[in-house]
Amino acid sequence: MSTCKFQIHPEPLDLFDLIPDSILLLILNNIADVKTLGRCSLLSKRFHSLVPQVQNVVVRVDCVISDDDSTSSSSSASDKSRGGGPFSSLLRLLVGGIVKPIQAIGQLLGPKRSTILVPSSSSALSVNNNNTSGDDEQHSGGVTHHSPTQVLKNFDEIKFLKIELPSGELGIEDDVLLKWRADFGSTLDKCVILGASSVIHPQSVASGNVMNDGGDDNGSIPESFYTNGGLKLRVVWTISSLIAASARHYLLQPIISEHKTLDSLVLTDVERQGVLCMNKEQLEELRVKPLSASSASKRTLVPALNMKLWYAPYLELPNGSVLKGATLVAIRPSEQAGQKDVSDGSWVSSAFEEPYGTAARMLVKRRTYCLEMNSF
């Protein structure tokens, strides 16, 4: 009579379970991307509980859903008003040929809370001034879009947040340079704008196709700058950059209010056209002292300003590139006059990545021109 023998094998040990939560959080913080974190949260209960504890988060906005886009597929919305409002009208008046006015940033407002991150959906900015339903989801082409505000509600301990828009707000010609960086608290703290009427790359310079048509450069602005529209163009650059920065700042209110643990917030775009930064002190200032909104549009009121301008008709950079009509504008609120010197090159030159940081350092060595601007 045969006997059956049974051998009990211990369940295999999952070595992954031996990794401490602190190490997993370190890995997740290095991932940062909100979509990838959303996929991670679906892997297991353990990951689902760890993802909300991530402190370093990057939200890459995939698309901007305009008012026209979000209502074109719904016949019930055909009676809604269409116009961009006084803000876009003002910008069209000031900027003229610059396309995609600032309302392309959209509204980050979104009180609806989702229970988990949805990795198959996209982050989108909704531009719909008539949306009063409080629904922060948009449906386009079978894809559900969630605003950054809604997605970030899943995180409890964010310290470092970066939001990246799909493009800059100011459509400019390919060879035109326009970059800005603005720091905000409850209002504008400082802003730096770097522009050039054209950028000539080293290959073109080496081929000998570039001529220095700036005349005798003695460090002063030539008379032609005032007569050929050069000054007017720089004013347009300055105003449009300030409007873009103040619109971005206004839209960050719900995120800042929701996430009290934030130490740093950056709102930029893929093209690095504009960068809005807020540090811990500035974030706290906004929570304690509410911003002043512009009565004409959904943006923060820009205070009265003192500005310093530097100009070079022809600026050759160490990497071989040439900036024609290079212009640098450093801006501070008028109420800070005497407290901080905008000619201090440290914050001006550090505002931009290379080679444009070098361009800023070269420009501040030239003759300085002072301007003032009223609040708007």
Side-chain angles (χ1 to χ4, degrees), residues 14 16-62 105-126 134 136-137 144-165 182-186 189 248-269 275-291:
D14 188 347
F16 189 79
D17 290 337
L18 300 179
I19 301 176
D21 285 354
S22 58
I23 300 299
L24 291 180
L25 280 172
L26 181 62
I27 296 171
L28 292 173
N29 275 300
N30 278 279
I31 291 175
D33 177 68
V34 73
K35 286 186 181 179
T36 305
L37 292 173
R39 296 184 180 99
C40 291
S41 70
L42 302 179
L43 291 176
S44 66
K45 291 183 178 179
R46 186 183 184 194
F47 272 100
H48 188 79
S49 65
L50 287 176
V51 167
Q53 302 176 44
V54 171
Q55 297 181 344
N56 185 27
V57 178
V58 176
V59 179
R60 294 181 174 89
V61 177
D62 297 307
I105 301 175
Q107 295 180 358
L108 291 174
L109 307 176
K112 183 174 180 180
R113 178 181 293 272
S114 58
T115 55
I116 62 170
L117 294 175
V118 184
S120 60
S121 65
S122 299
S123 296
L125 295 177
S126 170
D136 201 31
E137 289 188 2
T144 301
H145 298 285
H146 302 269
S147 79
T149 303
Q150 181 187 8
V151 174
L152 291 171
K153 286 179 179 292
N154 298 282
F155 296 89
D156 303 322
E157 302 179 22
I158 302 177
K159 288 186 177 294
F160 307 99
L161 173 62
K162 177 180 178 182
I163 301 176
E164 189 176 86
L165 301 175
D183 287 36
F184 276 82
S186 60
D189 181 56
R248 290 189 187 187
H249 179 249
Y250 181 89
L251 296 172
L252 290 173
Q253 288 181 93
I255 294 177
I256 296 171
S257 176
E258 178 84 13
H259 298 276
K260 302 288 196 283
T261 58
L262 273 173
D263 287 344
S264 173
L265 192 157
V266 175
L267 177 52
T268 183
D269 56 82
V275 181
L276 183 148
C277 299
M278 299 182 71
N279 60 30
K280 185 175 182 178
E281 291 75 19
Q282 291 166 335
L283 290 163
E284 186 58 33
E285 177 186 324
L286 179 58
R287 296 188 187 102
V288 174
K289 182 182 178 182
L291 59 81

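Residues take their numbers from the sequence shown, with the count starting at 1.
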Peer 1: Can a donor-acceptor pair be found, under 3.5 Å and without considering hydrogens, that links the side chain of Arg60 to the backbone of Leu165?
Peer 2: no
Peer 1: Return the CD to CG distance between Gln55 and Leu161, rounded to the nearest 0.5 Å.
Peer 2: 13.0 Å
Peer 1: Rounded at 0.5 Å granularity, tell me how far CE in Met278 sits from CD1 in Ile255.
Peer 2: 11.0 Å
Peer 1: State whether the side chain of Asn154 and the backbone N or O of Val151 hold a donor-acceptor pair below 3.5 Å, judged by distance alone.
Peer 2: yes
Peer 1: For Arg46 and Asp21, which heavy atoms make the closest approach, and how far apart are they?
Peer 2: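 Residues Arg46 and Asp21, closest heavy atoms: NH2-OD1, 2.7 Å.
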Peer 1: How long is the gap from OG on Ser264 to CD1 on Ile158, to the nearest 0.5 Å?
Peer 2: 12.0 Å
Peer 1: Whether the side chain of Gln282 engages the backbone of Asn279 through a donor-acceptor N/O pair (distance < 3.5 Å, no angle test) should be reported.
Peer 2: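 Confirmed, Gln282 side chain pairs with Asn279 backbone.
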Peer 1: With heavy-atom distances below 4.5 Å as the criterion, would you say the side chains of Phe155 and Val34 are in contact?
Peer 2: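 The answer is yes, as the side chains (C-beta and beyond) meet within the 4.5 Å cut-off.
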Peer 1: If only atom types and distance count, is the side chain of His249 paired as donor or acceptor with the main-chain N or O of Leu291 below 3.5 Å?
Peer 2: no
Peer 1: Can you check whether Leu276 reaches Val266 side chain to side chain, under 4.5 Å on heavy atoms?
Peer 2: no
Peer 1: Minimum heavy-atom separation for Ala32 to Leu37, with atom names?
Peer 2: O-CD1, 3.5 Å
Peer 1: If the test is side-chain contact (heavy atoms from CB on, under 4.5 Å), which one of Glu284, Lys159, Glu281 qualifies with Asp263?
Peer 2: Lys159
Peer 1: Please assess Leu265 against Leu283 for the test side-chain contact (heavy atoms from CB on, under 4.5 Å), listing each intermediate value before the final yes or no.
Peer 2: CA-CA 8 Å; Leu265 192 157; Leu283 290 163; 4.2 Å; yes
Peer 1: Find the distance between CD1 (Ile23) and CD1 (Ile19) and round it off to the nearest 0.5 Å.
Peer 2: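 Ile23 CD1 to Ile19 CD1: 8.5 Å, rounded to 0.5 Å.
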Peer 1: Could you go through Thr268 and Ile163, starting from their C-alpha distance and side-chain angles, then the distance that decides it, and tell me whether this counts as side-chain contact (heavy atoms from CB on, under 4.5 Å)?
Peer 2: CA-CA 6 Å; Thr268 183; Ile163 301 176; over 6 Å; no
Peer 1: Looking at residues at least two apart in the chain, or sitting in another chain, which of them share a ring pair (Phe, Tyr, Trp, His ring centres under 6.0 Å) with Phe160?
Peer 2: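 By the ring pair (Phe, Tyr, Trp, His ring centres under 6.0 Å) rule, Phe160 matches no residue at all.
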Peer 1: With rounding to the nearest 0.5 angstrom, report the OG to CZ distance, Ser41 to Phe47.
Peer 2: 10.0 Å
Peer 1: Under the 3.5 angstrom rule, does the side chain of Glu285 hit a backbone N or O of Ser186 as a donor-acceptor pair?
Peer 2: yes
Peer 1: Do His259 and Leu152 have side chains that approach each other closer than 4.5 Å (heavy atoms only, starting at C-beta)?
Peer 2: yes
Peer 1: Might you work through the side-chain contact (heavy atoms from CB on, under 4.5 Å) test for Val57 and Lys162, ending with a clear yes or no?
Peer 2: CA-CA 6 Å; Val57 178; Lys162 177 180 178 182; over 6 Å; no
Peer 1: Mind listing the closest non-hydrogen atom pair of Gly185 and Leu286 along with its distance?
Peer 2: O-CB, 3.9 Å
Peer 1: How long is the straight-line distance from CD of Glu157 back to CG of Asn56, given to the nearest 0.5 Å?
Peer 2: 13.5 Å
Peer 1: Applying side-chain contact (heavy atoms from CB on, under 4.5 Å), run through Arg287 and Lys260 and close with a yes or a no.
Peer 2: CA-CA 9 Å; Arg287 296 188 187 102; Lys260 302 288 196 283; 3.8 Å; yes
Peer 1: Under the salt bridge (Lys or Arg N to Asp or Glu O under 4.0 Å) rule, collect the residues that match up with Asp269, sequence neighbours excluded.
Peer 2: Arg248
